[in-house]
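The next block holds one structure in the form of structure tokens; read it before the comments.
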Amino acid sequence: NNYQKGFSDQLRKSVLETSGELSFFTEKVTDIHVIGRVELRYEEGKFHVTGAQDEVIQLKDISNPTITMRRDFSFYYQEKYYLFKLDHSGLAFLRLTQDKY
């Protein structure tokens, strides 16, 4: 972890892209709502989601980022959890978010 932190600024200056399936869930509703296939791109402090859902999410506005199963990247944003089942690069997306805390 300490070794990786040395590259966090360099990682945030880069552009990361992957594809995957997006789902939403909330604390009040336990069902997962599958949205569909999306492209997830990180660039200049923003996550760009395109495909079945289109939006731009500021890195500074998300909370509780996690990775499970080495590919499922999730975070909390605007009163719901975003769950991305990524095709690749899950750990890199998590590293982008971790140093914000």
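Interatomic distance, T66 OG1 to F73 CZ, rounded to the nearest 0.5 Å: 8.0 Å. To the nearest 0.5 Å, atom CG of residue L86 and atom CD of residue E21 are 11.0 Å apart. Taken from CG in L40 to OG in S19, the straight-line distance is 9.5 Å, to the nearest 0.5 Å.
Formation of a donor-acceptor pair under 3.5 Å by the T18 side chain with backbone atoms of H88 is found in this model. Judged by distance alone, the side chain of Y77 and the main-chain N or O of K80 form no donor-acceptor pair under 3.5 Å.
Pairs of residues two or more places apart, or lying in two chains, that qualify as salt bridge (Lys or Arg N to Asp or Glu O under 4.0 Å) and include a residue from residues 29-40 are R37-D87.
Residues I62 and F47 are in side-chain contact: their nearest non-hydrogen atoms beyond the backbone lie under 4.5 Å apart.
When all heavy atoms of V38 and Q53 are compared, the closest pair comes out as CG1-N, 3.9 Å. Heavy atoms only, all atoms of each residue included: E79 and T26 are closest at O-CG2, 3.8 Å.
Atom CD of Q58 sits in a crowded spot, with more than 12 heavy atoms from other residues, nucleotides or ligands closer than 6.0 Å.
By the salt bridge (charged side-chain N to carboxylate O under 4.0 Å, His left out) test, E17 is found to be paired with R41, residues two or more places apart in sequence or in another chain being considered. Not counting sequence neighbours, the partners of Y81 by the side chain to side chain contact (heavy atoms under 4.5 Å, CB included) test are F25, E27, N64, Y76.
Ring-plane geometry between F75 and Y82 is classed as parallel, the angle between the planes falling under 30 degrees on a 0 to 90 degree scale with a further cut at 60.
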Next on the checklist: Does F84 form a side chain to side chain contact (heavy atoms under 4.5 Å, CB included) with V49? I'd like the steps, not just the answer.
Outcome noted: CA-CA 10 Å; F84 296 90; V49 182; 4.0 Å; yes

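A single hydrophobic cluster is not seen to contain both L16 and L83; linkage of ILVMFWY side chains at heavy-atom distances under 4.5 Å, directly or through other members, places them apart.
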